[in-house]
Amino acid sequence: MMKLGLHTAILADLCFEEVVDYAAKTGFRSLEVCCWPKGGADRRYAGVTHIDVENLTEEKAEYYVNYAASRGVRIACLGYFPNALSDDEDTARVSITHTKKVIEAAAMMKVNLVTTFIGRNKKKTTEENIALMKEVWPPILRLAEEKGVRVAIENCPMLYTGDEWPGGNNLATTPYVWREMFRMSPNIGLCYDPSHLVLQGMTEWRPVVEFPERIFHVHLKDIQIDQEKVEEYGRFSYPSLWHRPKMPGLGEVNFPQLISRLNESGYQGDACIECEDRAFEGSLEDTKEGIELSYRYLRAYM
C-alpha cells in the first residue's frame, strides 16, 4: 500500500533533524526532502535546503538516511523545482547543473527518486517548448539512467501571477505533453498533484488510470475555486485572482476517489502532503496544526 508522507518545504525554518523528528512524532512514514541550492529563492515554498547536495559526502548521505530510519521515517525522494527551460540563460544553466547534483545525491543516498519540474520558456508555444525539452532533458535523463534514479515531474503549471505570464514556467501540465515527455526515457514519470487538474477543469483521477506505470510519486494538495471571482475575472485571468491552494480535505479534490483509484492501479509508492494554505501560515504552530489536520483526514483513507 502507498505510504503517507510530508513534503518538507513548509517547514523551511526547521533543520533536517527537526523536520524528521516532527514527522515521526506526527506519524508520517516518509519525507520528500527539499534540496535547493543554498541562498534562498524569489518565490514562496522555494529555496528550501534541508539537505545540501552541493557538499554531500558518502558519510553525510549515510547519516541523513540513517537518522531518518532511526525515527521510523524513510526518505522517499529529493525535491528541487526550478526552470531548466527558462528564457533566462543563467536561470536555465543553474537549474540544469543543480538538477544533476540532486540526481547524483539521490543515487548516493540510495533514494533513487528526484521530484522536479520540466520547466518552460514562457515566450514560446507548447510545441516549441516540447522541441526545447527534447534538446535539454536527454543528457539529464542519461545521467539518471546511469545512476539508477527515476525523475518524477510535477504537473504544476507555474502560471499564477503576472510575472509568470504569458505561458507559465512548467510545460508538463497535460497528458498531451506527458506522452511526449515519456518518450524521452523510461526513467521519467509524474510527481502527480491532483489539484492542478482541478485548476484546469480536468478530472483529477483520470491520469492515475491512464498512466499507472508513470505515477512515480504523489503530492496531496487541495484547491478551492472561487466561482464569484471567476465570474468577475474569467478563467483567462491570473489564477491567483480566483483560486486558493488548500490543505487536503478543505477544497475540491475528491481524495477518497483519488486514493481508491491509486490503490486500484497498484500504486505502492509515497503520497506526500504538500502544504500551501495561507490560512495555516501565521506561525509555526499554525502550520503544524494544518499539517496534522491533513494527516488525520488522509490517514482515514490510507
Side-chain angles (χ1 to χ4, degrees), residues 1-36 45 48-53 56-80 102-103 105-115 148-150 152 154 191-193 215-222 247-249 255-256 258-260 262-263 265-277 280 284-302:
M1 301 295 288
M2 76 184 95
K3 294 165 281 295
L4 183 56
L6 178 66
H7 183 21
T8 70
I10 196 62
L11 298 174
D13 293 334
L14 302 186
C15 69
F16 173 82
E17 291 81 1
E18 290 171 328
V19 170
V20 171
D21 291 350
Y22 170 71
K25 180 181 177 181
T26 305
F28 288 106
R29 297 175 61 190
S30 65
L31 288 173
E32 178 176 0
V33 182
C34 291
C35 299
W36 289 74
Y45 315 114
V48 180
T49 311
H50 284 125
I51 292 179
D52 177 11
V53 301
L56 192 67
T57 63
E58 293 282 356
E59 183 179 11
K60 288 180 180 178
E62 185 176 1
Y63 167 78
Y64 288 128
V65 172
N66 290 343
Y67 187 92
S70 72
R71 273 42 174 193
V73 175
R74 172 175 161 271
I75 298 177
C77 51
L78 304 184
Y80 170 52
V102 178
I103 289 170
M108 189 183 300
M109 296 174 66
K110 298 180 175 58
V111 170
N112 298 329
L113 180 64
V114 168
T115 52
V149 173
R150 297 191 302 169
E154 187 180 354
C191 170
Y192 183 64
D193 185 328
I215 305 292
F216 289 177
H217 188 68
V218 174
H219 278 175
L220 299 173
K221 185 168 86 263
D222 217 334
M247 291 293 191
F255 282 102
L258 175 70
I259 292 168
S260 176
L262 284 164
N263 285 330
S265 76
Y267 181 72
Q268 297 186 13
D270 297 88
C272 289
I273 296 173
E274 185 181 20
C275 306
E276 296 186 359
D277 190 331
F280 292 92
L284 178 58
E285 290 309 309
D286 289 344
T287 297
K288 288 181 176 180
E289 181 180 347
I291 292 170
E292 290 158 26
L293 177 71
S294 297
Y295 174 85
R296 291 191 297 271
Y297 170 74
L298 291 164
R299 193 71 187 89
Y301 301 109
M302 296 174 64

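- With sequence neighbours excluded, no residue forms a side chain to side chain donor-acceptor pair (under 3.5 Å) with Glu289.
- Partners of Ser265 under the side-chain contact (heavy atoms from CB on, under 4.5 Å) rule, at least two apart in sequence or in another chain, are Val208, Pro212, Tyr267.
- Separation of atoms CZ (Arg29) and OG1 (Thr26) is listed at 15.0 Å; rounding is to 0.5 Å.
- To the nearest 0.5 Å, atom NZ of residue Lys3 and atom SG of residue Cys272 are 10.5 Å apart.
- Thr8 and Cys34 get closest at one heavy-atom pair: OG1-N, 3.0 Å.
- Checked against side-chain contact (heavy atoms from CB on, under 4.5 Å), Glu285 has the following partners two or more places apart in sequence or in another chain: Ser283, Lys288.
- Residues Met2 and Leu262 have side chains in contact (heavy-atom distance under 4.5 Å, counting atoms from C-beta outward).
- Here NE2 of His7 is found 7.0 Å from CD of Glu154. Values are rounded to the nearest 0.5 Å.
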Between Ile259 and Leu298, does the side-chain contact (heavy atoms from CB on, under 4.5 Å) criterion hold? Intermediate values first, please. CA-CA 9 Å; Ile259 292 168; Leu298 291 164; 4.1 Å; yes
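- Interatomic distance, CD of Gln268 versus CD1 of Ile215, reported as 14.5 Å (0.5 Å rounding).
- The two residues Leu220 and Pro248 come nearest to each other via the heavy atoms O-CG, 3.4 Å.
- Applying the salt bridge (charged side-chain N to carboxylate O under 4.0 Å, His left out) test to Glu32 and every residue at least two apart in sequence or in another chain returns nothing.
- Here Phe255 pairs with nothing under the ring pair (Phe, Tyr, Trp, His ring centres under 6.0 Å) rule; sequence neighbours left out.
- Here side chain to side chain donor-acceptor pair (under 3.5 Å) pairs that include residues 290-300, with residues two or more places apart or in two chains, are Tyr22-Glu292.
- Here the closest heavy-atom approach between residue Leu4 and residue Ile273 is recorded as CD1-CG1, 4.1 Å.
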Ignoring hydrogens and angles, write down the donor-acceptor pairs under 3.5 Å from the side chains of residues 63-76, residues two or more places apart or on other chains.
{"from": "Tyr63", "atom 1": "OH", "to": "Glu17", "atom 2": "OE2", "distance (Å)": "2.7"}
{"from": "Asn66", "atom 1": "ND2", "to": "Glu62", "atom 2": "O", "distance (Å)": "3.3"}
{"from": "Tyr67", "atom 1": "OH", "to": "Asp21", "atom 2": "OD1", "distance (Å)": "3.0"}
{"from": "Tyr67", "atom 1": "OH", "to": "Asp21", "atom 2": "OD2", "distance (Å)": "3.1"}
{"from": "Tyr67", "atom 1": "OH", "to": "Arg71", "atom 2": "NH2", "distance (Å)": "3.0"}
{"from": "Ser70", "atom 1": "OG", "to": "Tyr67", "atom 2": "O", "distance (Å)": "2.6"}
{"from": "Arg71", "atom 1": "NE", "to": "Asp21", "atom 2": "OD1", "distance (Å)": "3.2"}
{"from": "Arg74", "atom 1": "NH1", "to": "Asp270", "atom 2": "OD1", "distance (Å)": "2.6"}
{"from": "Arg74", "atom 1": "NH1", "to": "Asp270", "atom 2": "OD2", "distance (Å)": "3.0"}

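- When the ring pair (Phe, Tyr, Trp, His ring centres under 6.0 Å) test is applied to Tyr80, the partners found at least two apart in sequence or on another chain are Trp36, His98.
- To the nearest 0.5 Å, atoms CD1 (Ile10) and CD (Glu274) are separated by 9.5 Å.
- Cys77 and Val111 get closest at one heavy-atom pair: CA-CG1, 3.5 Å.
- Note that CG of Leu11 is 7.0 Å distant from CG of Leu284, once rounded to the nearest 0.5 Å.
- Remark: Ala12 pairs with Val48 by the side-chain contact (heavy atoms from CB on, under 4.5 Å) rule, at least two apart or across chains.
- Legend: residues meeting side-chain contact (heavy atoms from CB on, under 4.5 Å) with Asp52, ordered by chain and number and at least two apart, are Lys38, Thr49, Glu54, Asn55.
- What you find for Ala107 and Asn112 is that their closest heavy atoms are CA-OD1, 3.7 Å.
- For His50, there are no ring pair (Phe, Tyr, Trp, His ring centres under 6.0 Å) partners, not counting sequence neighbours.
- The nearest pair of heavy atoms linking Ile291 to Met247 is N-CE, 3.9 Å.
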